[in-house]
Amino acid sequence: MPDIRIARIALADCLPIRQAVLWPDLPRQACIVPGDADALHYGAFLAGRLAGCGSFFPLASQTVRLRKCAIMPDVQRRGLGSRLLRVAFAELRQAGYATVTLDARLTAVDFYRRFGLEPHGAPFVRSGLEYVTVGGALPGGIDRPR
């Protein structure tokens, strides 16, 4: 089992990963999105190296929106994203949140389904990529294959 640790991190720690994975052509400061100051940011560490992040934005008293979840390409498919979500979902439930929503790339829908989250609404295109809104009850932290 790889040495994976998940922890809350500062926005500044997310920016290099967002830039490298999501917006490599933008300057680091351009990777800040509205609401970042109030978001809960989580980091995925592999052998001590910050290699992934995900930010949760409170929408209502019991709903959060996952945005800007990214894992460095050289360590994808090693369980970092799944572990990050399991830990974050558990902490968010403890904090009183009940539901989560996100816009997922169509290629990632099956990943989110493993957490019991389902797509709803029609797919849409943003920045040349196809997305669909996915959401549901905050999972119990169990990554279930479907």
Side-chain angles (χ1 to χ4, degrees), residues 1-60 62-97 99-136 138-139 141-143 145:
M1 185 80 169
D3 176 24
I4 299 173
R5 181 176 64 86
I6 307 302
R8 291 275 306 273
I9 60 174
L11 169 60
D13 297 324
C14 291
L15 297 181
I17 293 172
R18 285 182 185 178
Q19 181 185 33
V21 177
L22 304 174
W23 297 304
D25 297 329
L26 294 179
R28 192 164 289 170
Q29 287 305 111
C31 298
I32 297 172
V33 298
D36 260 336
D38 298 320
L40 305 170
H41 307 285
Y42 285 84
F45 295 81
L46 179 62
R49 169 188 164 212
L50 180 60
C53 66
S55 300
F56 292 84
F57 296 74
L59 294 181
Q62 294 187 321
T63 302
V64 292
R65 180 174 196 79
L66 173 59
R67 294 185 68 200
K68 311 308 167 212
C69 192
I71 304 296
M72 295 297 287
D74 65 312
V75 294
Q76 289 178 0
R77 301 197 180 279
R78 294 190 191 180
L80 287 165
S82 292
R83 181 84 59 87
L84 186 147
L85 291 184
R86 283 195 300 269
V87 169
F89 288 161
E91 289 186 9
L92 291 164
R93 273 192 325 281
Q94 287 181 336
Y97 292 99
T99 57
V100 62
T101 186
L102 62 121
D103 292 339
R105 291 182 184 182
L106 289 185
T107 57
V109 169
D110 286 340
F111 171 76
Y112 292 107
R113 279 190 165 130
R114 293 188 339 222
F115 294 91
L117 304 176
E118 291 295 331
H120 50 89
F124 57 93
V125 176
R126 182 174 35 203
S127 301
L129 298 171
E130 289 185 293
Y131 291 84
V132 67
T133 299
V134 172
L138 268 174
I142 298 168
D143 188 7

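Both backbone and side-chain heavy atoms feed into the values below; hydrogens, waters and symmetry mates do not. Position 1 is the first residue of the sequence, and the numbers go up from there.
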Is the shortest heavy-atom distance from the side chain of [X] to the side chain of [Y] under 4.5 Å?
X: Lys68; Y: Cys14; result: no
X: Val64; Y: Leu40; result: no
X: Tyr112; Y: Val132; result: no

Supply the atom-to-atom distance [X] [atom1] to [Y] [atom2], rounded to the nearest 0.5 angstrom.
X: Thr63; Y: Leu138; atom1: OG1; atom2: CG; value: 8.5 Å
X: Ile17; Y: Ile9; atom1: CD1; atom2: CD1; value: 6.0 Å
X: Thr133; Y: Leu117; atom1: OG1; atom2: CG; value: 12.0 Å
X: Thr101; Y: Arg65; atom1: OG1; atom2: CZ; value: 5.0 Å

Please report the closest heavy-atom contact between Phe115 and Pro139, naming both atoms and the distance.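 Closest heavy-atom pair between Phe115 and Pro139: O-CG, 3.0 Å.
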Provide the closest heavy-atom pair for Gly43 versus Leu84 in the form atom of the first, atom of the second, distance.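 Minimum heavy-atom separation between Gly43 and Leu84: C-CD1, 4.1 Å.
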Sequence neighbours excluded, which residues qualify as salt bridge (charged side-chain N to carboxylate O under 4.0 Å, His left out) partners of Asp110? Arg113
Taking only residues two or more places apart in sequence or in another chain, which ones pass side chain to side chain contact (heavy atoms under 4.5 Å, CB included) with [X]?
X: Leu80; result: Ile4, Ala44, Leu46, Ala51, Ile71, Val75
X: Leu129; result: Arg105, Tyr131
X: Glu130; result: Leu106, Val125
X: Ala95; result: Tyr97

Considering residues at least two apart in sequence or located in another chain, which fulfil the side chain to side chain donor-acceptor pair (under 3.5 Å) criterion with Arg49? Asp74
Name all residues meeting the side chain to side chain donor-acceptor pair (under 3.5 Å) criterion together with Arg126; count only those two or more places apart in sequence or in a different chain, and write none if there are none.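 Applying side chain to side chain donor-acceptor pair (under 3.5 Å) to Arg126 gives Asp103.
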Hey, could you give me each pair passing ring pair (Phe, Tyr, Trp, His ring centres under 6.0 Å) that has a residue in residues 6-56? Not counting sequence neighbours.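 Qualifying pairs: Tyr42-Phe56.
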Residue pairs passing the side-chain hydrogen bond (donor to acceptor under 3.5 Å, both in side chains) test where at least one lies in residues 5-18, sequence neighbours excluded: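 Checked against side-chain hydrogen bond (donor to acceptor under 3.5 Å, both in side chains) - neighbours excluded - the pairs reaching residues 5-18 are Arg18-Asp36, Arg18-Ser55.
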Do any side-chain atoms of residues 24-35 form donor-acceptor pairs under 3.5 angstrom with protein atoms, and if so which ones, sequence neighbours left out?
residue, atom, partner, partner atom, Å
Arg28, NE, Gln19, OE1, 3.3
Arg28, NH2, Gln19, OE1, 3.4

